[in-house]
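Remember, it's 1-based here, ligands and their atoms both numbered in the order they're listed. The structure presented is a predicted model; accordingly, all values stated were derived computationally and were not measured.
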Amino acid sequence: MKFGGTSVGKPERMHRISELITGDDEPKIVVLSALSGTTNALVEISACLASNERTTARKNIDKLEAYYKQFISDLLKTDEAKQKALHEIGEHFEFLNIILKISFSEALNKDILAQGELMSTKLFSAYLTEQEILHELIPALEFMQIDSFEEPLIGNIKVKLTQLLNHYKEKKLFITQGYICRNSKGEVDNLKRGGSDYTASLIAAAMSAKVCEIWTDIDGMHNNDPRIVEKTVAIEQMSFDEAAELAYFGAKILHPASIWPAQQFNIPVKLLNTMQPNAKGTLIVEEAGSVGVKAVAAKDGITAIKIKSSRMLLAYGFLRKIFEVFEKFRTPIDMVTTSEVAVSLTIDNKDNLQEILRELQAFGTVEMDDNQTIVSIVGNEIAKTPQVMMRLFDSLDNIPIRMVNYGGSKHNVSLLIPAEYKLQTLQVLNKGLFNL
Ligand code: ADP
Ligand code: ASP
Ligand code: MG
């Protein structure tokens, strides 16, 4: 069971989730995110340090500390429990204050970002202890591991976690941190923003769990982005493939990589609402459950690159040469379309953009468009569903579409549009595809 930032972000919510996790006798591993807002605050503190704005960093640390002190006072009842928690959380603020004095590094940044999950789990464990709920707080840094390519090592996670759990044979309830892990150098690292979902799915896969429950602040995966579009509805069931596409193409409710571990080990994933525990939520399993379009999602920060060359005409091996440039710079490609004289593709990682553009020039004229958005239409057997394509393009009458990807899989049509058209696109699709 994984509880996100808003689910643990208030003392009364922590009280609530203690009820949710003790509702039955099943053994459980509970993964917690940082309290909502904390990771953002830590990112800011780290950025201040990086730019040597130490006074601002200190102010932010003090503000965060005051917030945690109040949280402890509202979370716990007895003075004894409060004092103990204040002392434990105090150590993390001591650490933050010490790092104010040392020079910034990437490794230090990761240490700073890890404080949120370390603190939220300690607070929750303190509450469970006060309530006399038998449990064990197990450190994610002792079992959650990634390799030098930042890929999780499920085999190692399984061995280490099993060893750890074997120490506590009499216990059935375990609490651990989402998001944080150790890298191949043994340093503290993380699974990128929103990574607690990924932690949960990796643990579920490693331990062959019966189910992986992702508890959040909404009643499941909706048909459209509820942050942007007014009327959206929850989807009852979808396939791993559909959920993976939605997560990857921008549905924030799931970390982009969080589906594959569950899918590989065929573990059902449930998206549930902490604030409305009786709502149905979304079940993600192998079977899609129904045919047709399920949802649309949008992914920002996309760069489109076009390589135009008359040499492509009748040439084989041309695409390989182009793709090799991206491989060399470890940059994944999201969309690809080709014509006889040009290839257009998109990337979301701009770390090596200049080098990539330079090397591509060997193959033809290169054009680049920044600030694009991918809108993905995801469902089951989209092509076989009558009128979907017609309704899709009818609704997009006034939107300048830069690229279309169709046919790559049975459950996705992707469009590339300039970012400023995202809102309008998601709104017209809500009407055109879902009648909402
Ligand atoms: P948590 O802190 O629990 O991990 P997140 O904020 O990461 O929660 O994810 C939940 C949020 O995702 C929702 O509040 C909602 O605004 C957003 N969201 C974006 N797209 C979707 C979607 N298609 N369905 C449901 N929620 C979505
Ligand atoms: N606390 C981390 C973040 O805000 C991880 C998570 O919430 O999933 O990105
Ligand atoms: Mg999240």
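Of all protein heavy atoms, the one lying nearest to atom 27 (C) of ligand 1 is Pro226 CD, 3.5 Å. The protein atom (non-hydrogen) at minimum distance from atom 13 (C) of ligand 1 is Asp217 OD1, 3.5 Å. Residue, atom and distance of the protein heavy atom nearest to atom 8 (O) of ligand 1 are Thr216 OG1, 3.1 Å. Given atom 16 (O) of ligand 1, the protein heavy atom at minimum distance is Arg227 CG, 3.2 Å. Among protein heavy atoms, atom 4 (O) of ligand 2 sits closest to Arg193 NH2, 3.0 Å. The protein non-hydrogen atom at the shortest distance from atom 9 (O) of ligand 1 is Ile253 CA, 3.5 Å. Considering only non-hydrogen protein atoms, atom 6 (C) of ligand 2 sits nearest to Ser196 OG, 3.3 Å. Taking atom 2 (O) of ligand 1 as the reference point, the nearest protein heavy-atom neighbour is Gly5 N, 3.1 Å. Of the protein's heavy atoms, His222 N, 2.8 Å lies nearest to atom 24 (N) of ligand 1.
Less than 4.0 angstrom separates some heavy atom of Thr39 from each of these atoms of ligand 2: 1 (N), 2 (C), 3 (C), 4 (O).
The aromatic rings of Tyr198 and Trp260 sit perpendicular to each other, their planes meeting at more than 60°, with 30° as the lower class boundary.
Of the heavy atoms in Asn224, only backbone atoms (N, CA, C, O) come closer than 4.0 Å to ligand 1.
Considering Ile374, Thr346, Thr337, Asp334 as possible partners of Asn405, the one that fulfils the side-chain contact (heavy atoms from CB on, under 4.5 Å) test is Thr337.
In this structure, Asp189 and Asn183 approach most closely via the heavy-atom pair OD2-ND2, 3.1 Å. Residue Ile347 comes nearest to Pro332 through the heavy atom pair CG2-O, 3.5 Å, listed as atom of the first residue, atom of the second, then distance. Nearest approach of Glu117 to Leu32, heavy atoms of both residues: CG-O, 3.5 Å.
A salt bridge links Lys294 with Glu242: the distance from a Lys NZ or Arg NE/NH1/NH2 to an Asp or Glu carboxylate oxygen falls below 4.0 Å. Residues Lys280 and Glu236 are paired through a salt bridge, judged by an N-O separation under 4.0 Å between the basic side chain and the carboxylate. Between Asp24 and Lys28 a salt bridge is recorded (basic side-chain N to carboxylate O distance below 4.0 Å).
Checked against a 3.5 angstrom limit, the closest N/O atoms of Asp197 and ligand 2 fall outside it. Considering both main-chain and side-chain atoms, Tyr179 never comes within under 3.5 Å of ligand 2 through any nitrogen or oxygen pair. On a distance-only criterion, Lys2 and ligand 2 share no N/O pair closer than 3.5 Å. The distance criterion of under 3.5 Å between nitrogen or oxygen atoms is not met by Gly5 with respect to ligand 2.
Using a 4.0 Å cutoff on heavy atoms, Gly116 does not count as a contact of ligand 2. At least one heavy atom of Glu117 sits closer than 4.0 Å to an atom of ligand 2. Using a 4.0 angstrom heavy-atom cutoff, Gly220 counts as in contact with ligand 1. No heavy atom of His255 sits closer than 4.0 Å to any atom of ligand 1. Residue contacts with ligand 1 leave out Ala297, since none of its heavy atoms falls under 4.0 Å from the ligand.
Looking at Ser33, Gly4, Gly178, Ala200 and measuring to atom 7 (O) of ligand 2, the nearest heavy atom belongs to Ser33. Of the options Arg193, Lys294, Lys2, Lys252, the smallest heavy-atom separation from atom 4 (O) of ligand 1 is shown by Lys2.
Here the straight-line distance linking atom CZ of Phe143 with atom OG1 of Thr199 works out to 8.0 Å at 0.5 Å rounding.
In this structure a side-chain-to-backbone donor-acceptor pair under 3.5 Å is present from His255 to Ala257. The backbone N or O of Ala297 lies less than 3.5 Å from no partner atom in the side chain of Ser376, so there is not a single donor-acceptor pair.
Shown here is Arg58, whose CZ atom has no more than 12 heavy atoms of other residues, nucleotides or ligands within 6.0 Å. Counted within 6.0 Å of CD on Glu170, heavy atoms from surrounding residues, nucleotides or ligands total more than 12; the atom is thus considered enclosed.
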